[in-house]
Amino acid sequence: MADTTGSEMKSGSFMSEKSAKIFVAGHRGLVGSAIVRKLHDQGFTNLVLRTHSELDLTSQSDVESFFATEKPVYVILAAAKVGGIHANNTYPADFIGVNLQIQTNVIHSAYKHGVKKLLFLGSSCIYPKFAPQPIPESALLTGPLEPTNEWYAIAKIAGIKMCQAYRLQHQWDAISGMPTNLYGQNDNFHPENSHVLPALMRRFHEAKANNADEVVVWGSGSPLREFLHVDDLADACVFLMDQYSGFEHVNVGSGVEVTIKELAELVKEVVGFKGKLVWDCTKPDGTPRKLMDNSKLASLGWTPKISLKDGLSQTYEWYLENVVQQKQ
């Protein structure tokens, strides 16, 4: 793909270097754990993984000494401080400060210690609140952000720009991928702090377990949302590491929209809840539509493989085995 900045580089060696040392930052999270599974499945044998207690990514000296000692060849940066609207509103300094520290430390040390290629992962919240739909990569920095998560979004935009700056100044192969709403095993099913899909799954499961007659869901059910299974994202990350080396960040989405009502009905079916679904229209709906334009990644040759129904069934199995059973 042509690159107007003149900073396109040759890619394609990643998949042929199965024994190269790869540092996956944030390997215990939803995204990082899926990337680790995918790399193992693809035959990569030399992953470098550190828990937060083993390596504090907000500490410049700790990160510097890690890179000086380990000297990874590739880096996938999936570590971030994340949370929902309430957390973002309550701890704005943490969301901008911690994420800026993690990104700056890892990106700079990776460059300094000769990492061949780095993939930085962001989020669809980098785009303006009123971006065109579907949202193209070019919508970045064209309007005001959603106020409830602007601190996190600004940190992620800074990460994209840092990768671009190092590419321009140092001809260093740093790329960025921006995923849509993700779900899958290792998701957060916390009753207050989880996102819409795991929250629905938990509520339907508990309603079923308690023989409840109905489940009340906020809003009208009309907003449209896009969901991507985290294993598809991991597959896309490996693809980008191998096949993409451009200046611009790349959207990673499913390209499929579903209303919250359709999503709730699907989760209800997967969980096997037989009661009634009630919509509380006095509660807010949020943004009416949020869809990423996935055409750039599709033109490079990658498309998702896991349908929403299959992905939900797989996620519910994981939830039963890893969340429900552990509470018993």
Side-chain angles (χ1 to χ4, degrees), residues 1-15 31 34-35 38 74-78 80 103 107 117-143 145-146 153 156-168 171-183 224-258 287 289-308 311:
M1 175 175 276
D3 196 302
T4 53
T5 63
S7 51
E8 184 80 13
M9 298 172 187
K10 188 175 186 304
S11 57
S13 62
F14 181 71
M15 287 300 289
V31 172
I35 290 168
K38 179 60 67 175
Y74 295 103
V75 173
I76 300 177
L77 179 43
Q103 296 159 197
I107 292 169
K117 185 170 191 170
L118 175 141
L119 169 61
F120 169 73
L121 291 169
S123 153
S124 59
C125 76
I126 60 164
Y127 291 114
K129 181 172 184 173
F130 300 110
Q133 301 287 331
I135 309 170
E137 286 87 355
S138 59
L140 184 66
L141 296 176
T142 58
L145 299 161
E146 163 57 54
K156 287 298 179 182
I157 292 167
I160 295 171
K161 291 297 170 186
M162 193 169 176
C163 289
Q164 292 177 342
Y166 275 65
R167 177 175 286 270
L168 288 171
Q171 293 73 54
W172 184 52
D173 198 1
I175 62 171
S176 299
M178 297 300 120
T180 186
N181 300 309
L182 301 166
Y183 72 99
L224 289 156
R225 291 293 180 270
E226 175 187 24
F227 296 94
L228 183 73
H229 194 283
V230 73
D231 288 351
D232 269 336
L233 171 65
D235 189 56
C237 289
V238 172
F239 176 87
L240 288 168
M241 286 295 285
D242 189 58
Q243 294 293 324
Y244 183 69
S245 198
F247 180 80
E248 192 179 46
H249 64 282
V250 182
N251 286 345
V252 186
S254 63
V256 177
E257 285 182 294
V258 60
T287 310
R289 188 183 187 207
K290 194 176 172 191
L291 176 67
M292 303 250 277
D293 182 344
N294 208 29
S295 57
K296 179 173 179 171
L297 186 52
S299 74
L300 293 168
W302 186 88
T303 49
K305 299 166 185 67
I306 302 168
S307 72
L308 185 57

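All figures in this text were calculated on a predicted structure; none of them were measured in a lab.
- Applying the salt bridge (Lys or Arg N to Asp or Glu O under 4.0 Å) rule to K161 yields no partners; only residues at least two apart in sequence or on another chain are considered.
- Two residues are said to be in side-chain contact when any heavy atoms from C-beta on lie closer than 4.5 Å; V252 and M178 fail this criterion.
- Minimum interatomic distance between Y183 and H229 (heavy atoms only, all atoms of both residues): CE2-N, 3.4 Å.
- A tilted orientation is assigned to the rings of Y127 and H249, their planes being inclined by 30° to 60°.
- In this structure, CD in Q164 is found 8.0 Å from CD in E248, a value given to the nearest 0.5 Å.
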All N/O donor-acceptor pairs, side-chain side in residues 129-139, below 3.5 Å, sequence neighbours left out:
unit_1, atom_1, unit_2, atom_2, d
Q133, OE1, L291, N, 2.8
Q133, NE2, R289, O, 3.3
E137, OE2, N251, N, 2.8

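- Considering every non-hydrogen atom in both M15 and D242, the closest pair reads N-OD1, 3.0 Å.
- Side chains of L308 and V256 form no contact here, defined as non-hydrogen atoms less than 4.5 Å apart.
- Considering only heavy atoms from C-beta on, I107 comes within 4.5 Å of C163 through its side chain.
- Looking only at distances, a side-chain donor or acceptor of D232 sits under 3.5 Å from a matching main-chain atom of K305.
- Taking the salt bridge (Lys or Arg N to Asp or Glu O under 4.0 Å) definition, one finds that K38 meets it with D235, sequence neighbours left out.
- Between L119 and Y74, the closest side-chain pair of non-hydrogen atoms is not below 4.5 Å.
- One finds the CD1 atom of I306 at 5.0 Å from the CG atom of D231 (value rounded to the nearest 0.5 Å).
- Here the CZ atom belonging to F14 is positioned 13.0 Å from the OG atom belonging to S245, to the nearest 0.5 angstrom.
- Using a 4.5 Å cut-off on side-chain heavy atoms (C-beta onward), L228 and P304 make contact.
- Closest of all the heavy-atom pairs between V75 and M241 is O-CE, 4.2 Å.
- Of all non-hydrogen atoms in P179 and G177, the two that sit nearest each other are CD-O, 3.5 Å.
- Rounding to the nearest 0.5 Å places CZ of F120 at 4.0 Å from CD of Q103.
- Put simply, the side chain of L121 does not reach to within 4.5 Å of the side chain of L77, judged on heavy atoms.
- The two residues I175 and G246 make their nearest non-hydrogen contact at CG2-O, 3.9 Å.
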I126 and L140: side-chain contact (heavy atoms from CB on, under 4.5 Å), yes or no, with the steps?
CA-CA 7 Å; I126 60 164; L140 184 66; 3.8 Å; yes
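- Contact check for F239 versus L297: side-chain heavy atoms found under the 4.5 Å cut-off.
- Of all non-hydrogen atoms in C237 and I35, the two that sit nearest each other are SG-CD1, 4.0 Å.
- Scored by the side chain to side chain contact (heavy atoms under 4.5 Å, CB included) test, A153 finds C125, L145 as partners (sequence neighbours excluded).
- Scored by the side chain to side chain contact (heavy atoms under 4.5 Å, CB included) test, T287 finds R225 as partners (sequence neighbours excluded).
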List the steps, then state whether side-chain contact (heavy atoms from CB on, under 4.5 Å) holds for S176 with M162.
CA-CA 10 Å; S176 299; M162 193 169 176; over 6 Å; no
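- Residues forming a side chain to side chain contact (heavy atoms under 4.5 Å, CB included) with A80 (at least two apart in sequence, or on another chain): V82, N99, Y152, K156.
- Although no hydrogens or angles enter the test, the distance criterion places no donor-acceptor pair under 3.5 Å between the side chain of N294 and the main chain of G255.
- Looking at heavy atoms from C-beta onward, W172 lies in side-chain contact with L118 at the 4.5 angstrom threshold.
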